[in-house]
Trainee: 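Starting off with a structure, shown below.
Just so it is clear: chains get the letters A, B, ... in the order the sequence lines come, proteins before strands, and each one is counted from 1.
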Amino acid sequence: MRPHMGVVTRFAPSPTGMLHLGGARTALFNWLYARHHGGSFRLRLEDTDRKRSTPEAVAAILEGLDWLGLDWDGSIVRQSERRERHAEVARSLLAGGGAYRCYCTPEELAAMRAEARAAGGSALYDGRWRDRDPAQAPPGVDPVIRFRAPREGETVLGDLVQGPVRIDNAALDDMVLLRADGTPTYMLSVVVDDHDMGITHAIRGDDHLTNAFRQTQLFRALDWEPPAYAHIPLIHGPDGAKLSKRHGAVAVGAYADIGILPAAMRNALLRLGWSHGDDEIIDTDQAVRWFDLDAVNRGAARFDMEKLQSLNGHHIRESADSALLAEIEPRLAANHPVAATDEGRGRILALMPEAKTRAKTLVELADSLAFLFHEPPLAMTPKAERLLDIEAQARLGALFCMLEELDGWDEAGLEGAVRAFAEGEGVGLGKIAQPLRAALTGSHASPGIFAVMAALGREETLVRLHAVMVIAGERTATGEHVASSAGAEDPGRNER
RNA sequence: GACCCCUUCGUCUAGAGGUUAGGACACCACUCUUUCAAGGUGGAGACACGGGUUCGAUUCCCGUAGGGGUCACCA
């Protein structure tokens, strides 16, 4: 498809809950389509159900879109504020015979449905007031206004994703346009607003497919041109069913919390149902350039957390160190105020190039760097504990003295010095690096040990090493470890 | 139940009437290596089934099965 300047898309959530994965992807596709064609992307809140719509949900949706980086054009349209316009359209339809008053009570309708279902059919309104004389209206019943839908023939939808889809008009009933209290229903509001807003393309979930037929009929009755519809497949949970609260983390905010980058989220959502050959890592500029509806799949997709994390890892690695620092600084500073100082930021930045190749989420990234701010003596993981055996402690003592005398303190110099030290000891580098890692980080796994030493700085490195030696000394003294010939009060000094 | 949609490795997907059916995640092995990752190399792994159409179908058509969606004075 060629860029089409007149494109107007919209994301039209009903503010009854969080912005979930499905809605986020619908928003993304509408946004991408508009941006790709140089058109505009509008936001409309479908809050005609006053009982279920909440300001909290509105806030959550806006926050979600903001996080995803999906900006809309123009002002937000609140459907509830357009009630009068909707009602007016319904009245004009009524005046022209395109709609009629129905005096059925909810009980009557329920009975009708039960009957239809029992007879093995679809639970449709049978149109009993369609041609009935309003003079027969029962007293005291406020009528609803129903659309006089065509009963013969079929309605064909040229869906941009699903292709041509047709349905017998007999399979559709006369939907309610205006409730008994005079408020418009969703079905009416969408049509009027899509028309008034000049929406050219309605991209939405597959679950709206049957609505499209009804809406198309309404458009025609009003003598308006319906937008082009594109019904994208739903996102399913791991069990293959439509995503819902019971699937756990479906609100986009939950992904922000676990440290997913918006760029990664967009990438993941984009690849669910849309593809561009074998491309997997797609940034937003490319997405805008490449996105079009003809490459959208028709089958539903399941959301894969593992793949999101992998994608997130890629996007983290491609992020600037300073951007990542800004992301994790608050997370780190919550437990370690030093992290928010120049000194702290310096340490984080020094290790960022190393750390970012290892993290799949910002949470992991922050966690992997937290040791920088732990106070010696460091808490040791069991594996780290095991690395610091008597022999290792002795070597660390000797290493401590060597490092104390070392000129300069940069990564390359440290690496050279420690390698030389290992050689002098007649052991592989691992025999030195691992205990050293345990002593400096409290863990058996960390970024490269020389980068860690450089980031920590000479003083802190020595303090941490010393702390380990002191503890070791105390343990030997109290007989906590079986003393070997190397075990003396201070392994460092003993070696000398 | 009625109507509508869908069906390629476990998952997301590419693909063409004739391909060794490609990639990514996950998995396994090897490699790199100071650890863990990342990276590199390799491996295992799919066209739901049955009929057609055709010289040839995984690809086109029709069924079947399976999955999903919709059937409100909700959106």
Trainee: Report the residue from A:Arg42, A:Arg10, A:His201 that forms a side chain to side chain donor-acceptor pair (under 3.5 Å) with A:Asp194.
Mentor: A:Arg10

Trainee: Under a 4.0 Å threshold between the charged nitrogen and the carboxylate oxygen, would A:Lys431 count as salt-bridged to A:Glu391?
Mentor: no

Trainee: Is the shortest side-chain N to carboxylate O distance from A:Arg44 to A:Glu46 below 4.0 Å?
Mentor: yes

Trainee: Applying a 4.0 Å non-hydrogen cut-off, can you work out what A:Ser53 is touching in the nucleic acid: base, sugar-phosphate, or nothing?
Mentor: nothing

Trainee: Establish, with yes or no, whether the OP1 or OP2 oxygen of B:C73 is under 4.0 angstrom from a side-chain nitrogen or oxygen of A:Arg101.
Mentor: no

Trainee: Distance check, P atoms only: B:G22 and B:C47, in whole angstrom units.
Mentor: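 Here B:G22 and B:C47 have their P atoms 13 Å from each other.
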
Trainee: Taking the C1' atom in each of B:C3 and B:U59, what is the distance between them to the nearest angstrom?
Mentor: 29 Å

Trainee: Looking only at atom P, what distance separates B:A75 and B:A38, rounded to whole Å?
Mentor: 48 Å

Trainee: At 4.0 Å (heavy atoms only), tell me whether A:Glu46 reaches a base, stays on the sugar-phosphate, or touches nothing.
Mentor: sugar-phosphate

Trainee: Given the C1' atoms of B:G43 and B:G23, what is the spacing between them in whole Å?
Mentor: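 To the nearest whole Å, 16 Å.
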
Trainee: Assign A:Cys102 to base, sugar-phosphate, or nothing according to its heavy-atom contacts below 4.0 angstrom with the strands shown.
Mentor: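 Counting heavy atoms under 4.0 Å across all strands, no contact is made by A:Cys102.
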
Trainee: Counting any heavy atom closer than 4.0 Å, what does A:Gly448 reach on the DNA or RNA strands: base, sugar-phosphate only, or nothing?
Mentor: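 The residue A:Gly448 makes base contact.
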
Trainee: In whole Å, what separates the C1' atom of B:U7 from that of B:G63?
Mentor: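 Roughly 15 Å separates the two C1' atoms.
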
Trainee: Where does the angle between the aromatic ring planes of A:Trp290 and A:His276 fall among parallel (under 30°), tilted (30 to 60°) and perpendicular (over 60°)?
Mentor: parallel

Trainee: Does either side chain, that of A:Asn169 or that of A:Thr155, offer a donor lying less than 3.5 Å from an acceptor on the other one?
Mentor: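 Short answer, yes.
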
Trainee: Is the base of B:A75 touched by the side chain of A:Asn211 through a donor-acceptor pair closer than 3.5 angstrom?
Mentor: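 It does, because a donor-acceptor pair links the side chain of A:Asn211 to the base of B:A75 below 3.5 Å.
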
Trainee: Expressed in whole Å, how much space separates the C1' atoms belonging to B:C49 and B:U8?
Mentor: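 Rounded to whole Å, the distance is 15 Å.
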
Trainee: Scan every strand shown for a Watson-Crick or G-U wobble partner of B:G50, both distances under 3.5 Å, and answer none if you come up empty.
Mentor: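 B:G50 is paired with B:C62.
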
Trainee: Between the base of B:G22 and the side chain of A:Asp278, is one N or O donor paired with an acceptor at under 3.5 angstrom?
Mentor: yes

Trainee: Check whether the side chain of A:Arg298 and the base of B:C5 form a donor-acceptor pair under 3.5 Å.
Mentor: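 Flag unset: no donor-acceptor pair detected.
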
Trainee: What is the nucleic acid contact for A:Pro447, judged by heavy atoms within less than 4.0 Å: base, sugar-phosphate only, or nothing?
Mentor: base

Trainee: For nucleotides B:U70 and B:U54, find the distance between their C1' atoms and express it as a whole number of Å.
Mentor: 39 Å

Trainee: Say you pick atom P in B:A65 and the same atom in B:G50; how far apart are they, in whole Å?
Mentor: 15 Å

Trainee: Looking at A:Lys383, I'd like to know whether one of its side-chain N or O atoms comes within less than 4.0 Å of OP1 or OP2 on B:C36.
Mentor: no

